Amino acid sequence: NKKMNIAIDGPAGAGKSTVAKLVAEQLDYLYIDTGAMYRTLTLAALREGIDLQDGGALTHILSQTTIHLQHEQTGVRVLLNNEDVTDAIRLKDVTSNVSLVSSHEGVRIEMVERQRRLAEKGEAVLDGRDIGTYVLPDAEVKVFLTASVEERARRRYEEQKEKGMPADLDQLKEEIAHRDQLDSTRVFAPLKKADDAVEIDSTTLSIPEVAEVIIGLAKERA
Ligand code: C5P
């Protein structure tokens, strides 16, 4: 069997990470959450009080920062210079600033290099915004996963409620739409469907159903 890579891109809250995790588990592939990497840099920068408009300062901080995606029985832990920040990178302050941090070209160039290194042996599932268009343009399987903004906000809302975090549906909808807007209009490697990506609308599909479609694509290409 060919050692392939699977790229899953799409807007915020479409279910990319849940689907990617499931696909990776079923194929025994490595799951690489590229959004977690940008979130981790954002957290580090917020803590250091760096001006998030300053691409040079952010690129410098990144060069001194290790980000590990550590795979464990219980899931993937995210480590910032060996500190477990798995939960901290999901907090609101990070979410609302991550698009700005990840818009800088210097930041992206370094992140993309790290991501390519992680995927270089193949058998990896990467989820993000620019995997199919920029990080791995030769990925054997490319998926662009979407869902209506209402459905994406509703899923986030349920997720947060389950975690006991207070949430406001309209506000979530606004945040998601705003983040998509920033991610798809940035100059360098914006969120965009690759020409050869298969678009899957998950509005009316369950996570296992989406995973099954992707595994089917992988088997076709194997
Ligand atoms: O996937 P997640 O929602 O955790 O990603 C957080 C943010 O990181 C995105 O909104 C986007 O600004 C940035 N990102 C990116 N390129 C990727 C993955 C994430 O710019 N490949």
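Since this is a predicted model, take the numbers as computed values, not measurements. Read the numbers this way: they start at 1 and go in the same order the structure lists the ligands and their atoms.
Between E120 and R117, no side-chain nitrogen of the basic residue sits less than 4.0 Å from a carboxylate oxygen of the acidic one, so the salt-bridge criterion is not met. Salt-bridge formation is detected for the pair D183/R129: a Lys NZ or Arg NE/NH1/NH2 atom is positioned less than 4.0 Å from an Asp or Glu carboxylate oxygen.
Under 4.0 Å from any atom of ligand 1, one finds heavy atoms of residues T34, G35, Y38, R39, R90, V98, S99, S102, R108, G128, R129, D130, R179, D183, R186.
In the model, Q70 has a side-chain atom that pairs as donor or acceptor with a side-chain atom of E72 under 3.5 Å.
Legend: ring pair (Phe, Tyr, Trp, His ring centres under 6.0 Å) pairs involving residues 81-124, not counting sequence neighbours: none detected. A ring pair (Phe, Tyr, Trp, His ring centres under 6.0 Å) check over residues 27-70, counting only residues at least two apart or in different chains, returns nothing.
Y134 pairs by the ring-ring contact (aromatic ring centres under 6.0 Å, His included) definition with F188, not counting sequence neighbours.
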